[in-house]
Amino acid sequence: MRAAFRRAALACLILVAPAASVLRAENNAFDLAGPSLRVSVTHGDTTLPLSQVPNLSPGDRIRIVADLPAEQSAQYRMVLVFLRGATNPPPKNWLADARTWKPKEAAIDVRVPEGAQQALVFLVPDTGGALDGVAKAVREQPGAFVRASQELNQAMLDRTRLETFLEQVRRREPADVARISPQLADSLAIKLDSACLLRQPDPRAACLAQSGNAAVLADSQTSSIAQTLAGAPANIALQLSATPQGGFGYYSGYIGVVRDLARMLGAFQSAQLRFIPALSVPREGRIELLLNTVPSFRKPQSVLVAALPTVAPPTLPTLSVKTAGPLCLTKPGLILPVGGAPLVFSTDYPRAMTLRVPTATGTMLDLPAAADPAAGGFVVGDVGTPAVALAERAEGRLQGFWGFQPFDGPRFRLVSPARDAWRADGATLVVGRETPLNLAGGAAACVADVWLERGSKKRPVSWSAEADGTLALKVPLAGIEPGPVALLVRSHGVDQPRRLDLRAYAEAAAITGFMLHAGDSVGALAGSRLDQVSALEIGGIAFRPGKLARNGTADRLEMSAEGTAAEQLKPGEASGQATLADGRTLRVPVRIMPARPEATLIATSLERIGPAPAIPLTLGGAAFVPHDTQLTFSLRAIGASRFASSDRIDVEAAETAATASLPLRLQDDRVAIATLHPASALGDSARGPLRFRLVKRDAAGDRAGDWHPLATLVRLPQLSAVTCAPGSATCTFTGNGLFLISKVSGKAETRVPDGFTGPSLQVSPPADGVWRLHLRDAADASATVAAP
């Protein structure tokens with residue numbers, strides 16, 4: 001049962017790719033074991049097995065030996081051919097061969113010639129004229145073999161992802177498969193049907209085993225195919241890219257099936273020879289060849305075609321960091337969470353990977369790091385104890401080699417508990433309740449446990465590491481008498497916990513006052529133990545408690561009025577009555593402050609900044625403000641508010657919380673003008689709804705009004721060219737910032753994947769002479785582009 005379950009886990013995989021059709025696995029699956037090759041590549045002074053080489057370079061030395069069984073009866077000649085593109089036949093001296101049955105002639109040992117772009121290995125039956133037939137076919141139509149090289153290389157890359165998923169599943173107990181499968185699918189960019197993994201063991205195995213070949217290639221526009229073949233797919237996002245090494249496997253042409261290479265190579269069939277593709281699968285130092293067609297030893301005899309990596313400059317993976325907070329260097333099994341390059345997890349291309357860490361002494365600490373798809377990143381070797389002191393604001397860099405090429409990966413913020421000096425600035429512990437407490441001065445990400453100690457007794461303390469580096473605690477003080485207490489903070493990499501001695505105090509409920517601005521319905525109650533307040537009444541107007549905050553030894557409780565009667569209260573002093581949870585009442589002094597300054601929007605206008613774009617975009621809707629324009633807006637003071645030269649307008653971009661303060665130009669004391677340049681004032685990432693408020697400065701300080709909507713800020717891509725070839729079914733957008741588009745509507749709809757970084761985008765022809773570009777920054781924002 002367990003073995004069958006592991007083998008069947010592949011049935012949960014669906015890879016979505018922009019292919020033109022769905023090919024059935026039972027017709028094209030590479031499931032026949034062929035011969036093996038031992039291939040090594042020498043670049044400079046370094047020799048690596050082919051499984052660690054993502055690309056070949058001119059001048060590299062390649063050594064190939066066919067790993068055939070001793071009892072091999074059919075004699076094969078092994079031929080290595082270099083290609084230089086689809087329209088440029090290779091010279092005759094770019095072909096090397098070996099007699100695999102003769103020990104002294106069984107190896108091919110050559111250098112990659114200058115100008116080569118692809119390399120293919122042929123296993124040719126040793127019959128009269130077979131070798132000449134291969135050379136003639138390659139030289140007559142090199143384009144077919146160039147395409148075969150590209151397809152087989154892409155298929156190999158995707159097969160490694162499939163093999164990695166299965167290998168990870170085989171290592172686990174059945175109970176762990178459901179837990180690790182979503183992370184594996186995310187690391188390897190595979191779409192997973194997690195519904196199978198949630199069933200009981202027997203039905204689950206049947207669900208997983210419903211397809212003999214287990215994995216299916218589906219059209220990205222045809223989700224119903226995926227639904228039919230594997231149930232309802234789990235919501236795991238896929239990223240797409242356009243090239244094998246550049247996109248590292250996201251743009252797939254293969255998982256369990258491959259395009260019909262046999263048909264493409266079939267153009268060279270003759271009475272003697274038939275070309276069949278062989279998929280290269282690196283395994284344990286060898287390259288195993290998998291076939292999707294039964295080879296024939298009768299005429300026409302089969303010629304196996306296998307691809308070596310492309311001859312091209314190395315393209316390094318672009319890894320994204322999947323965490324915002326700092327990571328603890330001393331945490332056992334530290335994981336550097338990364339994404340964006342599934343081949344990092346499925347191939348041996350990354351090697352000698354380390355995390356280089358700057359220490360406080362000025363030296364660099366290199367720790368081994370290994371890619372683990374089930375963990376979702378690189379697992380770093382333990383530092384051990386005592387904890388290493390890091391340099392100020394230390395950042396560790398993931399580095400190593402990608403094949404032969406040195407590779408510098410992303411940086412990670414790191415912390416260490418070596419210099420922990422926890423302190424509770426201005427905090428007061430109050431007995432009788434769970435008290436929130438923030439600690440600073442240490443590495444919060446490294447904390448393992450926290451206890452409250454009173455005498456000989458300890459209590460566990462709930463805690464969380466905050467984004468600002470502080471440690472947020474909920475100290476359990478119920479049932480504890482006032483007096484000295486201690487907090488014990490244990491961190492990874494430190495033998496003994498840090499001790500922080502504090503004092504817990506008794507506190508009686510006390511209310512110092514209530515403050516409200518005229519015209520508002522929400523005010524603030526100040527005092528201590530305000531968690532006991534259940535209601536407040538002022539002149540017959542009822543207020544209910546809201547958010548409670550603590551500042552030092554004082555509490556602040558928001559109180560919201562029921563109805564709108566509170567908005568009629570006039571500035572001045574008053575008195576109210578607070579009701580506590582136990583029924584007691586307390587007199588509360590009330591101060592009604594002057595009304596907040598208020599202004600309303602009159603009109604807006606836009607002015608472009610800089611030169612006009614090459615391809616103009618027409619943004620629909622007057623409420624939208626392009627990021628690269630200047631927004632001028634006018635305001636009218638309302639109520640008792642009057643504008644003064646010292647006033648300012650605050651503008652905030654809600655999505656990023658970026659804020660700008662703008663000076664005012666006064667028409668008079670009732671009308672003012674403000675100007676906003678979003679890109680410079682709010683930053684390049686600002687987007688979404690904009691809001692404004694009036695801020696008045698007088699002798700009492702700054703008084704801010706309420707926030708009001710202003711407009712919606714959207715970022716526009718910059719199109720440099722729009723081309724449509726005559727009679728073509730597609731057009732091309734070229735420019736910058738194409739990731740700002742969510743989809744393009746023409747005669748058909750083209751969706752732009754998350755994280756798209758390409759300089760060009762293929763779209764359908766326009767509808768009625770225009771395309772509609774739907775923007776990501778606002779759900780209803782779109783721009784139109786006229787057809788060229």
Side-chain angles (χ1 to χ4, degrees), residues 595-719 735-737 740 773 775-784:
R596 301 177 188 273
E598 292 296 340
T600 185
L601 188 66
I602 301 175
T604 62
S605 63
L606 297 175
E607 179 183 356
R608 173 167 294 281
I609 297 176
I615 304 296
L617 303 181
T618 302
L619 184 62
F624 296 109
V625 175
H627 196 265
D628 58 353
T629 60
Q630 178 175 283
L631 172 65
T632 301
F633 56 98
S634 56
L635 303 171
R636 186 185 305 279
I638 59 176
S641 298
R642 295 293 185 273
F643 290 123
S645 59
S646 59
D647 294 349
R648 70 177 191 271
I649 291 293
D650 285 349
V651 177
E652 181 186 64
E655 290 288 337
T656 59
T659 304
S661 292
L662 309 178
L664 291 176
R665 293 178 292 165
L666 304 186
Q667 173 183 302
D668 50 44
D669 64 348
R670 299 301 301 271
V671 177
I673 311 296
T675 300
L676 172 69
H677 184 192
S680 59
L682 300 174
D684 291 333
S685 296
R687 61 192 181 277
L690 299 178
R691 60 179 187 170
F692 74 92
R693 68 178 180 183
L694 174 62
V695 180
K696 291 193 70 66
R697 173 166 294 179
D698 52 30
D702 287 352
R703 289 186 292 122
D706 289 332
W707 290 102
H708 300 285
L710 175 59
T712 299
L713 182 63
V714 293
R715 297 166 296 169
L716 295 176
Q718 297 179 353
L719 298 183
N736 296 321
L740 297 173
L773 280 57
L775 305 176
R776 293 186 185 274
D777 288 347
D780 54 347
S782 63
T784 56

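Residue numbers count from 1 along this sequence. Only this structure's heavy atoms are used, side chains among them; waters, hydrogens and symmetry mates stay out.
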Rounded to the nearest 0.5 Å, the CG atom of Leu676 sits from the CG atom of Leu710 at a distance of 7.5 Å
Within the structure provided, determine whether Leu690 and Leu682 are in side-chain contact (heavy-atom separation under 4.5 Å). yes
Atom of Ala711, atom of Val625 and distance for their closest heavy-atom approach: CB-CG2, 3.5 Å
Whether over 12 other heavy atoms sit under 6.0 Å from Arg691 CZ: yes
How about Asp780 and Phe624: do any of their side-chain heavy atoms sit closer than 4.5 Å? yes
If I take atom CZ from residue Phe643 and atom NZ from residue Lys696, how far apart are they, to the nearest 0.5 angstrom? 8.0 Å
Please report the shortest heavy-atom distance between Ser641 and Arg596, naming the atom on each side. OG-O, 4.1 Å
Side-chain donor-acceptor pair under 3.5 Å between Ser661 and Asp650, yes or no? yes
Show every side-chain hydrogen bond (donor to acceptor under 3.5 Å, both in side chains) that has at least one partner inside residues 677-687, sequence neighbours left out. His677-Ser680
Under a 4.5 Å cut-off applied to non-hydrogen side-chain atoms, are Val651 and Trp707 in contact? no
Does the pair Leu740 and Leu716 meet the rule for a side-chain contact (heavy atoms from CB on, under 4.5 Å), with working shown? CA-CA 7 Å; Leu740 297 173; Leu716 295 176; 5.9 Å; no
So, for Ser646 and Arg697, which heavy atoms are closest and what is the spacing to 0.1 Å? OG-O, 3.6 Å
Hey, are the side chains of Val671 and Ile602 touching, using non-hydrogen atoms and a 4.5 Å cut-off? yes
Do the non-hydrogen side-chain atoms of Phe633 and Leu662 ever get within less than 4.5 Å of each other? yes
Can you tell me which residue pairs pass the side-chain hydrogen bond (donor to acceptor under 3.5 Å, both in side chains) test with a partner in residues 598-615, sequence neighbours excluded? Glu598-His708, Arg608-Asp628
Here the pair of heavy atoms bringing Pro717 nearest to Gly737 is CB-O, 3.3 Å
Any side-chain heavy atom of Leu635 within less than 4.5 Å of one from Phe692? yes
Within this structure, what is the CZ-CZ distance for the pair Arg715 and Arg776, rounded to the nearest 0.5 Å? 10.0 Å
Mind checking whether Leu617 and Thr784 have side chains closer than 4.5 Å, heavy atoms only? no
State the OG-CG distance between Ser634 and Leu664, to the nearest 0.5 angstrom. 11.5 Å
So, do Pro613 and Gln718 sit near enough that their side-chain heavy atoms are less than 4.5 Å apart? no
What's the separation between atom CZ in Arg642 and atom CG in Leu666, rounded to the nearest 0.5 Å? 13.0 Å
List in chain and number order the residues that pass side-chain hydrogen bond (donor to acceptor under 3.5 Å, both in side chains) with Thr675, two or more places apart in sequence or in another chain; answer none if no residue qualifies. Arg665
When rounded to the nearest 0.5 angstrom, what distance separates CG in Leu606 from OG1 in Thr629? 4.5 Å
Checking Asp647 against Val695 for the side-chain contact (heavy atoms from CB on, under 4.5 Å) test, could you report, in this order, the C-alpha distance in whole Å, the side-chain angles of both residues, the deciding distance, and whether it holds? CA-CA 6 Å; Asp647 294 349; Val695 180; over 6 Å; no
